[in-house]
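Take a look at the structure below.
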Amino acid sequence: MTVLVTGATGLIGSRLVTQLQSRGEPVRVLTRNPSRAQQLLPQAQVFPWPRLAEAVEGCRGVVNLAGEPIIGRWTPARKQAIRESRTQGTQRLVQAMAQAAARPPVLVNASAIGYYGASETAVFTEDSPPGQDFLAQVCQDWERAAQPVQDCGVRLVIFRIGIVLGTGGALARILPPFRAFLGGPIGSGRQWFAWIHQDDMVNLLVTALDNESWSGVYNATAPQPVRMAELCQTLGQVLQRPSWLPVPGIVLELLLGDAAQVILTGQQVLPQRVQAMGFTYQYPTLAPALQAIVG
Ligand SMILES: NC(=O)c1ccc[n+]([C@@H]2O[C@H](COP(=O)([O-])OP(=O)(O)OC[C@H]3O[C@@H](n4cnc5c(N)ncnc54)[C@H](OP(=O)(O)O)[C@@H]3O)[C@@H](O)[C@H]2O)c1
């Protein structure tokens with residue numbers, strides 16, 4: 001009943017591994033840095049990427065989360081790493097699954113809501129067309145790299161993940177100004193913020209692994225996206241700090257690099273297919289989600 005996880009040392013992956021192990025399931029981890037991964041995840045069976053063929057063999061499922069982080073300056077080299085770590089990593093995984101003697105029956109693959117591009121007015125569901133910008137292209141290539149796994153009978157689930165509220169990632173970067181009484185509406189405040197709590201994200205991955213009825217593309221976001229002004233106001237309330245001092249875009253760029261664009265432009269994304277599957281969110285609304293993480 002082993003599950004193979006790539007990107008297992010990251011924000012989402014490390015919590016997924018813990019959750020699977022808490023159910024008594026053995027977990028294999030595919031990583032660039034085996035000694036670090038073994039230290040972070042002592043109970044996992046760790047494989048370096050060159051041992052990929054061995055790692056997929058006989059697993060009950062594969063969860064592919066690996067990817068160069070988007071936070072930071074997008075130099076041409078970083079852009080290449082952001083794209084290739086996802087497309088080439090996924091291609092290698094799909095190839096190894098196709099060649100496995102005991103083939104895992106399901107691949108759960110990450111993508112991102114960046115797929116849709118940015119808009120202050122549009123409402124994006126899984127049926128919406130892709131955007132044009134760099135991240136939209138990366139997400140399309142990433143999803144395209146995963147599709148061929150279906151040719152050998154593997155069930156494919158793709159999650160277009162929203163901004164994960166958790167103990168790391170973007171939230172950890174924007175918290176310090178709020179804690180220092182310097183928080184407030186970021187950018188115009190009108191842009192949408194399509195978020196999901198880290199526990200709901202992990203529960204979605206596990207649900208998709210476990211249930212054969214899950215297949216295709218799902219938006220992994222909470223059912224109630226908010227505008228940035230509401231996020232900042234709620235964050236101020238949860239931290240019991242004033243949140244009236246507008247944070248100009250340039251400050252966000254210092255904190256997040258070019259990934260600030262994602263938050264400064266924003267998207268209203270709805271998890272239509274997740275809700276149609278009857279998934280129960282632990283954190284459907286923002287205030288309890290933030291309270292659970294930073295309160
Ligand atoms: N967190 C979010 O808000 C969010 C939103 C939308 C989509 N996503 C996507 O969901 C996935 C997981 O997110 P996360 O926040 O958990 O990511 P994360 O914390 O940045 O971790 C990603 C993992 O990918 C591996 N990795 C990093 N750079 C890599 C590279 N150049 N080549 C191959 N592997 C690399 C690392 O594992 P090793 O060092 O062990 O190899 C790392 O632990 C990512 O692909 C991300 O794009 C996340």
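Read the numbers this way: they start at 1 and go in the same order the structure lists the ligands and their atoms.
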Is [X] salt-bridged to [Y], cutoff N-O under 4.0 Å?
X: Glu143; Y: Arg160; answer: yes
X: Asp210; Y: Arg23; answer: yes
X: Arg83; Y: Asp141; answer: yes
X: Arg51; Y: Glu54; answer: yes
X: Arg78; Y: Glu68; answer: yes

(Q) Measuring from atom CD of Gln275 to atom CG of Leu270, what distance do you get when rounded to the nearest 0.5 angstrom? (A)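 With rounding to 0.5 Å, CD (Gln275) is 7.5 Å from CG (Leu270).
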May I ask whether [X] has any heavy atom positioned less than 4.0 angstrom from an atom of ligand 1?
X: Arg86; value: yes
X: Gly114; value: no
X: Ile163; value: yes
X: Arg36; value: yes
X: Pro69; value: yes

Q) Do the ring planes of Tyr283 and His197 sit parallel (below 30°), tilted (30 to 60°) or perpendicular (above 60°)? A)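 If you compare the ring of Tyr283 with that of His197, the planes turn out parallel.
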For ligand 1, is there an N or O atom under 3.5 Å from any N or O atom of [X]?
X: Ala81; answer: no
X: Thr31; answer: yes
X: Gly67; answer: yes
X: Ala37; answer: no

I need the nearest protein heavy-atom contact for [atom]: residue, atom name and distance, please.
atom: atom 44 (C) of ligand 1; value: Leu65 O, 3.2 Å
atom: atom 15 (O) of ligand 1; value: Leu11 CB, 3.7 Å
atom: atom 31 (N) of ligand 1; value: Glu68 OE1, 2.9 Å
atom: atom 3 (O) of ligand 1; value: Val164 N, 2.9 Å
atom: atom 16 (O) of ligand 1; value: Ile12 N, 2.8 Å
atom: atom 30 (C) of ligand 1; value: Arg32 NH1, 3.4 Å

For [atom], the option (of [options]) bearing the nearest heavy atom:
atom: atom 7 (C) of ligand 1; options: Ala110, Ser111, Gly166; answer: Ser111
atom: atom 5 (C) of ligand 1; options: Gly162, Gly7, Gly89, Gly10; answer: Gly162
atom: atom 42 (C) of ligand 1; options: Thr9, Ile161, Val5; answer: Thr9

Q. Of the backbone atoms (N, CA, C, O) and the side-chain heavy atoms from C-beta on, which set of Trp142 has a member under 4.0 Å from an atom of ligand 1: side chain, backbone, both, or neither?
A.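 It is the side chain that gets close, since no backbone atom is under 4.0 Å.
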Q: Applying side chain to side chain contact (heavy atoms under 4.5 Å, CB included), run through Leu30 and Val5 and close with a yes or a no.
A: CA-CA 6 Å; Leu30 200 63; Val5 184; over 6 Å; no
**Q.** Shortest non-hydrogen contact between Met228 and Ile263, atoms and distance
**A.**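 Looking at all heavy atoms of both residues, the closest pair is CE-CG2, 3.2 Å.
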**Q.** Closest heavy-atom pair and its distance - Pro105, Gly61
**A.**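 So the minimum-distance heavy-atom pair works out to CD-N, 4.5 Å.
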Q | For Ala112, atoms of ligand 1 separated by under 4.0 Å from a heavy atom | A |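 With Ala112 as reference, the close atoms of ligand 1 come out as 6 (C), 7 (C).
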Q: Enumerate the atoms of ligand 1 whose separation from the nearest heavy atom of Ser85 is less than 4.0 angstrom.
A: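 Here the atoms of ligand 1 in question are 30 (C), 31 (N), 32 (N).
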Q. Does Ile71 share a hydrophobic cluster with Phe193, counting links as ILVMFWY side-chain heavy atoms below 4.5 Å and allowing steps through other members?
A.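 Shared cluster, yes.
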Q) Is any side-chain heavy atom of Arg155 closer than 4.5 Å to a side-chain heavy atom of Val157? A)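 Touching, per the 4.5 Å side-chain cut-off.
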(Q) If we check ring-ring contact (aromatic ring centres under 6.0 Å, His included) with Phe124, which of these qualifies: Trp192, Tyr116, Tyr115? (A)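 Answer to the ring-ring contact (aromatic ring centres under 6.0 Å, His included) test with Phe124 among Trp192, Tyr116, Tyr115: Tyr116.
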